[in-house]
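Have a look at the structure below before the remarks.
Note that this is a predicted model, so its numbers are computed, not measured.
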Amino acid sequence: MSTTAELLKGAAELFPGEVVTEAHVRHLDLPFNAGRFALITLDNGLDHTKPTTFGPASLANLNTAVDQVEKEAAAGEIVGVGITGKPFIFAVGADLKGVELLKRHEDALAIGKGGHDVFKRLSALAVPTFAYYNGAAMGGGVEVGLHCQYRTVSKALPAFALPEVFLGLVPGWGGCTLLPNLIGADKAVSVIIENSLNQNKQLKGQQVYDLGIADAIFEGADFLEQSLVWTASVLKGDIEVERAVIDRGEAWDQAVERGRFIADSKVHGAAPAAYRALDIIAKAKNGDLQQGYDAEDAALADLIMGGELRAGIYAFNLLQKRGKRPAGAPDKNLARPVTKVGVVGAGLMASQLALLFLRRLEVPVVLTDIDQERVDKGVGYVHAEIDKLLGKGRINQDKANRLKGLVSGVLDKAEGFSDADFVIEAVFEEIGVKQQVFAEVEAVAPAHAIFATNTSSLSVSEMASKLKNPERVVGFHFFNPVAVLPLLEIVRGEQTDDASLATAFAVAKKLKKTAVLVKDAPAFVVNRILTRFMGEIQNVIDEGTPVETAEKAVEPLGLPMSPLVLLELVGPAIGLHVSETLNKAFPDRFTVSSNLKAVVEAGKRGFYVYDSGKPELDPEVAALLKQGDTVLTEDQVRARVLDAVAQEIGIMLDEGVVAEAQDIDLCLITGAGWPFHLGGITPYLDREGVAERVNGKRFLEPGVASVPV
């Protein structure tokens, strides 16, 4: 048995739940009498929608297949070797389920080395090797192809990425070393760092080809056949593959520095993965592949044994599992069909909602407001957005015409909502206004219609309390921008019935949103936590800590933006309103900042100006601030903020605002953009010891989103 086989056999014992990928070798005669060819197909034996992954047993199977073709190549029995995947899926990387279970650094090192040892054998074969990216390829799936001499890609390929940095790893089976040597450091930084930290942005087939990762691109319908024809031409010398000369001078160093700037702007040094990947890319400049592979092995082992990766995997599983099967959701069979949607309001938020419902449900959507000018403006917004989609080629003219025909606006609710199945309001955030709106809708809408409110902080139960049928009111809280942020907080009022709730969840699924069931409690989840978080930042500023110190104090969390930049995005007036709402509900924990009130009263849109190209404290805001003389250090500010957040989350869980801590994290990741490397927030608070210090216990069991003990 080879050393690689022994290594993988030992590692396989650590991956008891691995879905094993087979590597089938078949032989065929290439066109143009090019010779006998060996084709390795990766297939895990499940239906075509299930991803093919690499764990130790899967790598061992590929290793065995390479044993076979290696002998055939040495004997002159084949002229080349290709590798492809089952229909629609090439391979999507390492089996992360097993990675979570690793407890020892040497085991983690063995996984990295095992992948390298198998993949390197492809490039060492005595005949040319080809990768045929026929479907989704990610992580190790991308990397196994990089070890081949030539690559083709399908135009129909839906997703191609090296997402490891997004999860808290590095592309550790050749990605950091081979990709910059193939397409140059700058393009490699875009794929490995920039795309990963941009919410795991993925490439399509054409982009893969345009970047130079693939040497040829073919239509999806006959992709493999065309790839084999192309392969034959390459082997016979009729096609010569030309690749751009790689700039290994100053441009390489500049690319790495660009990557560091991107990493700093996204994670502020709080997560190591991006920086480890950039270190390897920097070393790859000299073209020493083995040096790069060794560095990848070391980085993989270190990161696998770190808390950030475990939190990243935890976050990934939240989205893939809990996000698709919401905790506490009622029987989906209770959901009623929705064939028409009414939207009360025609402002920006309401218009965004109308567009979303229109695009996802493709049913009639009618907006209403207090005057014709506002109604026309709302409908005009939707039409303009449809025209943008048409201009970008994302829809054709027929679909654009059909969507425009489905949206309308009226002043009379009776005219617009008499046959609506689902009516959502997005009007001024004041309980009396919303109660009046629902009373007017109830008077004209059919008895089965569901009434949804997009309130961000008001009581759904109180909103429904004056209706004849309060059981059909449900909270449906979106996050801005509606088209971008996936979270939808679905709020069950005191009298909301199962059918209404089930319909809300069914609609959320069609809208492609991540729905989380939330108790009707002040500000629900995201706004309550962010308001407590922001409240402590504002408190320390009011007490005397400089704005810059307060802002920098939370940079180690690697949040997508600083607290005061977030306040500017939300709007100071909205932030003030939510803090006032929560102050009424929980005056002992939520304060109302006099300085924030002064900023709002002065009509300022935020604390900063950007005249120099970067945020600087607005002199007019600085003049408004009235501060005490208590100045805290960054460490003191951070401890105070985290203690407050841990306390609030503990109280929310005790109150049953959500089912479990996992729902808190899912909300913060999908509704507030909190990074994967934190796992939301509770793994971070556990890791830093804050949860136990404040609440006397962890939020998650040991080993969940952390290294097993």
Side-chain angles (χ1 to χ4, degrees), residues 93 112 133 137-147 151 153 159-215 243-289 291-300 302-303 308-309 312 558 560 675-677:
Y133 291 124
M138 298 185 193
V142 170
E143 290 170 302
V144 70
L146 293 178
H147 283 270
R151 286 156 296 279
V153 66
F160 184 103
L162 289 170
E164 287 85 353
V165 167
F166 180 63
L167 295 173
L169 277 175
V170 299
W173 286 340
C176 288
T177 300
L178 293 174
L179 191 62
N181 277 289
L182 175 67
I183 62 174
D186 195 62
K187 292 179 180 178
V189 164
S190 294
V191 175
I192 295 170
I193 306 298
E194 188 171 19
N195 287 359
S196 289
L197 294 180
N198 188 19
Q199 293 298 306
N200 191 23
K201 180 180 177 182
Q202 298 171 347
L203 303 172
K204 303 292 186 183
Q206 186 65 51
Q207 294 170 303
V208 173
Y209 175 70
D210 291 343
L211 281 168
I213 299 172
D215 302 305
R243 296 184 180 133
V245 176
I246 302 301
D247 187 335
R248 299 183 183 276
E250 186 178 350
W252 192 291
D253 300 330
Q254 290 174 343
V256 173
E257 286 308 306
R258 183 175 74 89
R260 296 193 192 283
F261 176 80
I262 293 168
D264 287 342
S265 67
K266 292 291 186 178
V267 301
H268 310 289
Y275 302 97
R276 293 295 293 267
L278 287 164
D279 288 344
I280 301 169
I281 293 171
K283 291 178 181 177
K285 178 180 178 180
N286 63 10
D288 185 336
L289 299 185
Q291 178 189 29
Y293 298 156
D294 291 342
E296 288 175 350
D297 287 342
L300 268 184
D302 292 345
L303 293 169
E308 288 82 3
L309 171 65
F676 261 50
H677 73 261

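Taking CG of Leu203 as the start and CE of Met138 as the end, the distance is 10.0 Å to the nearest 0.5 Å. Of the inter-residue distances, the one linking Leu167 atom CG with Leu303 atom CG reads 11.5 Å to the nearest 0.5 angstrom. To the nearest 0.5 angstrom, Asp294 atom CG is 11.0 Å from Leu289 atom CG. To the nearest 0.5 Å, atoms CG (Asp264) and CD (Glu257) are separated by 9.5 Å. Taking NZ from Lys201 and CD from Gln207, the interatomic distance works out to 6.5 Å, rounded to the nearest 0.5 Å.
In terms of heavy-atom proximity, Gly287 sits nearest to Arg248 at N-NH1, 4.0 Å. Trp252 and Ile281 make their closest contact through NE1-O, 3.0 Å (heavy atoms, listed as atom of the first residue, atom of the second, distance). Between Lys283 and Gln291 the shortest heavy-atom distance is O-OE1, 3.9 Å. When all heavy atoms of Gly558 and Pro675 are compared, the closest pair comes out as O-CG, 3.3 Å. Taking every heavy atom of both residues into account, Ala299 and Val170 meet most closely at CB-CG2, 3.9 Å. The two residues Glu143 and Gly172 have their closest heavy-atom pair at OE2-N, 3.3 Å.
Side-chain N or O atoms of Thr177 include none that pairs as donor or acceptor with a backbone N or O of Gly174 at under 3.5 Å. Panel note: side chain Arg151, backbone Gly145; a donor-acceptor pair is recorded below 3.5 Å. Counting only distance, with no hydrogens or angles, the side chain of Gln202 and the backbone of Ala161 share no donor-acceptor pair below 3.5 Å.
Shown here are the salt bridge (charged side-chain N to carboxylate O under 4.0 Å, His left out) partners of Lys266, two or more places apart in sequence or in another chain: there are none.
Residues Asp247 and Lys285 are not paired through a salt bridge, judged by the lack of any N-O separation under 4.0 Å between the basic side chain and the carboxylate.
Taking 4.5 Å as the limit, every side-chain heavy atom of Asn200 sits out of range of all side-chain heavy atoms of Phe676. For the pair Arg243/Leu182, a side-chain contact is recorded, criterion being any heavy-atom separation below 4.5 Å from C-beta on. Side-chain contact between Glu308 and Leu169: absent, with no pair of heavy atoms (C-beta onward) separated by less than 4.5 Å. By the 4.5 Å heavy-atom criterion applied to side chains, Trp173 and Leu146 are not counted as neighbours. Counting heavy atoms from C-beta on, the side chains of Ile213 and Val153 never come closer than 4.5 Å.
Of the N and O atoms on the side chains of Tyr293 and Asp288, not one donor lies less than 3.5 Å from an acceptor on the other residue.
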Report all side-chain donor-acceptor pairs from residues 183-197 shorter than 3.5 Å, counting only partners two or more places apart or in another chain.
residue, atom, partner, partner atom, Å
Asp186, OD1, Arg258, NE, 2.9
Asp186, OD1, Arg258, NH2, 3.4
Ser190, OG, Asp186, O, 3.3
Ser190, OG, Glu194, OE1, 3.4
Ser190, OG, Arg258, NH2, 2.8
Glu194, OE1, Arg258, NH1, 3.1
Ser196, OG, Leu162, O, 2.7
Ser196, OG, Ile192, O, 3.0

